[in-house]
Engineer: 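Input: one structure, supplied below.
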Amino acid sequence: MPTTVVRAAQVVRGVLTLKDFLDEAEVARVEEVLVRCAREADFQVNEREYGRGRIPDDKECNRVVGQDKLGRKIRRSMELGTLKHEVAFACVERELGERFPDHFTREPRYGKSSMTEGYSMTDTRLDSLVPDLVLHFVRNANRIQRLYDFYFPCTASKKSNPLGDAGETLRQKLDKYRELPGADQRALVTPQLGISR
C-alpha cells in the first residue's frame, strides 16, 4: 500500500476517534451504561450491607447515623446513596473509561466567573455546581453535551415513584444546572426508572 494512502487512513482514523462530540448512538450507549451501573450499584451495596436478596426498609432508610459539620442529621439513606454513588462511578470508569476517555468527566466543579458572568471549571467550592457526570466536547468539560446526576431512592414510596413526592426537589436539583452552558440536556439516573429528564 502506498505511504500516502496509509497516512491518509491514519489521519481519517484519528479524526474519527477524536471527533468533537459524541453522536446520538454513542450518547445512547453511554446512557445504557449509566443505567446499568446505577442498577448494579443499587444491587451490590444492598447485598453487601443487608445480605442476599434483602433491602433496607423505611425505618432503616430513615435511621439517623450521624451529623454533618453543620449539625444536620445524616440518615442511612444518605449514607447508602454515597456508597452506591462510589460503586456506580467505578462501574462508569470501567465501562466508559477506555471507550470515551476524552468525552466524560466525573464530578466536575463549575463556578461563576466574575469576568464573564458565566460558569466554567473551577477549584472554588463556594456556590459551585457539581454534577455527577458530564459528557462534553473532546477534552473540554466547559463545552457540555449532556449532564447526569445519579439518584438512589431508599424508602418504599420513593422506590415505587422516584420522581413522586421528591419530584420537586429532584427537578430543582436538575434545574440548578440550567445556567451551565450547554446543560439543556440534563437527566437523573435511577435504578428504577433509568434516565429521567
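If you're wondering where the values come from, they're calculated on a predicted model, not measured in any experiment. What's counted below: heavy atoms across the whole structure, side chains too, no hydrogens, waters or symmetry copies.
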Engineer: According to the interplanar angle, ranging from 0 to 90°, do the rings of Phe137 and Phe21 count as parallel (below 30°), tilted (30 to 60°) or perpendicular (above 60°)?
Structural biologist: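 Rings of Phe137 and Phe21: tilted, 30 to 60°.
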Engineer: Closest approach of Asn46 and Lys84, non-hydrogen atoms and distance?
Structural biologist: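 Scanning both residues, the minimum pair turns out to be OD1-NZ, 3.1 Å.
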Engineer: Just wondering, do Val92 and Leu133 contact through their side chains at under 4.5 Å, heavy atoms?
Structural biologist: yes
Engineer: With a 3.5 Å distance limit and no angle check, can you tell me whether Asp127 reaches the backbone of Gly111 through a side-chain donor-acceptor pair?
Structural biologist: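 Side chain of Asp127 to backbone of Gly111: no pair is present.
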Engineer: More than 12 heavy atoms of other residues, nucleotides or ligands under 6.0 Å from NZ of Lys73: yes or no?
Structural biologist: no
Engineer: Hey, is Arg39 close enough to Asp42 for a salt bridge, meaning N to O under 4.0 Å?
Structural biologist: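 Between Asp42 and Arg39 there is no salt bridge, as every charged N stays at least 4.0 Å from the carboxylate O atoms.
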Engineer: Could you tell me if the side chain of His85 sits less than 4.5 Å from the side chain of Asp132, heavy atoms only?
Structural biologist: yes
Engineer: Taking atom CG of Asp149 and atom OH of Tyr177, what is their separation to the nearest 0.5 Å?
Structural biologist: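 Here the interatomic distance stands at 3.5 Å.
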Engineer: Output every pair passing disulfide bond (SG atoms under 2.5 Å apart) with a member in residues 101-134, not counting sequence neighbours, ordered by first then second residue.
Structural biologist: none
Engineer: With a cut-off of 3.5 Å and sequence neighbours excluded, list every side-chain donor-acceptor pair involving residues 180-196.
Structural biologist:
residue: Arg186; atom: NE; partner: Leu174; partner atom: O; Å: 2.9
residue: Arg186; atom: NH1; partner: Ala183; partner atom: O; Å: 2.9
residue: Thr190; atom: OG1; partner: Leu193; partner atom: N; Å: 2.9

Engineer: Answer yes or no: is there an ion pair linking Arg146 with Glu24, defined by an N-O contact shorter than 4.0 Å?
Structural biologist: yes
Engineer: Do Leu135 and Tyr148 have side chains that get closer than 4.5 Å, going by heavy atoms?
Structural biologist: yes
Engineer: Please step through side chain to side chain contact (heavy atoms under 4.5 Å, CB included) for the pair Lys159 and Ile55, ending with a clear verdict.
Structural biologist: CA-CA 11 Å; Lys159 282 181 181 178; Ile55 59 173; 3.5 Å; yes
Engineer: Have Arg109 and Thr122 got a donor and an acceptor in their side chains that come within less than 3.5 Å?
Structural biologist: no
Engineer: Output the distance between atom CG (Asp68) and atom CE (Met78), rounded to the nearest 0.5 Å.
Structural biologist: 7.0 Å
Engineer: So does Glu49 pair up with Arg76, basic N to acidic O under 4.0 Å?
Structural biologist: yes
Engineer: Should we say atom CZ of Arg125 is surrounded by more than 12 heavy atoms from elsewhere, each under 6.0 Å from it?
Structural biologist: no
Engineer: Show the nearest heavy-atom pair for residues Pro131 and Val134, with the distance to one decimal.
Structural biologist: CG-CG2, 3.6 Å
Engineer: Check this for me: Phe43, atom CZ, are more than 12 non-hydrogen atoms of other residues, nucleotides or ligands nearer than 6.0 Å?
Structural biologist: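 12 or below, so no.
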Engineer: If we only count heavy atoms from C-beta on, is the Gln44 to Glu47 side-chain gap below 4.5 Å?
Structural biologist: no
Engineer: Are the side chains of His136 and Asn142 in touch, meaning some heavy atoms are under 4.5 Å apart?
Structural biologist: no
Engineer: Between Glu60 and Asp57 (side chain of the first, backbone of the second, donor and acceptor by atom type, cut-off under 3.5 Å), is there such a pair?
Structural biologist: no
Engineer: Please list all pairs passing the disulfide bond (SG atoms under 2.5 Å apart) test where one or both residues lie in residues 61-103, with sequence neighbours left out.
Structural biologist: Cys37-Cys91, Cys61-Cys154
Engineer: Take atom CZ in Arg54; do more than 12 heavy atoms of anything else shown fall under 6.0 Å from it?
Structural biologist: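 Counting other residues, nucleotides and ligands, CZ of Arg54 stays at 12 neighbours or fewer.
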Engineer: Hey, which of Glu32, His103, Gln145 is the one that makes side chain to side chain contact (heavy atoms under 4.5 Å, CB included) with Val27?
Structural biologist: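 Checked Glu32, His103, Gln145 against Val27; only one passes side chain to side chain contact (heavy atoms under 4.5 Å, CB included): Gln145.
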Engineer: Any side-chain heavy atom of Ser77 sitting closer than 4.5 Å to one from Thr155?
Structural biologist: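 Ser77 does not reach Thr155 side chain to side chain.
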Engineer: Ignoring hydrogens and geometry beyond distance, is a side-chain donor-acceptor pair present between Tyr110 and Glu179 at under 3.5 Å?
Structural biologist: no
Engineer: Check Arg99 with Glu93, please: is the shortest side-chain N to carboxylate O separation under 4.0 Å?
Structural biologist: no
Engineer: Evaluate the side-chain proximity of Val30 to Phe100: yes if any heavy-atom separation is below 4.5 Å, no if none is.
Structural biologist: yes
Engineer: Under the side chain to side chain contact (heavy atoms under 4.5 Å, CB included) rule, what do Leu80 and Tyr50 come out as? Steps first, then yes or no, please.
Structural biologist: CA-CA 11 Å; Leu80 289 170; Tyr50 299 102; 3.6 Å; yes
Engineer: Are Val130 and Met121 connected into the same hydrophobic cluster when the rule is that any two of I, L, V, M, F, W, Y join if their side-chain heavy atoms are below 4.5 Å apart?
Structural biologist: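 Met121 does not cluster with Val130.
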Engineer: Heavy atoms only: give me the nearest Tyr119-Leu129 pair and the separation to one decimal.
Structural biologist: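 Distance-wise, the nearest heavy atoms are CE2-CD1, 3.8 Å.
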Engineer: May I ask you to test the Phe152-Leu83 pair for a side-chain heavy-atom distance under 4.5 Å?
Structural biologist: no
Engineer: Do other residues, nucleotides or ligands put more than 12 heavy atoms under 6.0 Å from Arg94 CZ?
Structural biologist: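 Yes, because the 6.0 Å sphere around CZ of Arg94 holds more than 12 heavy atoms from other groups.
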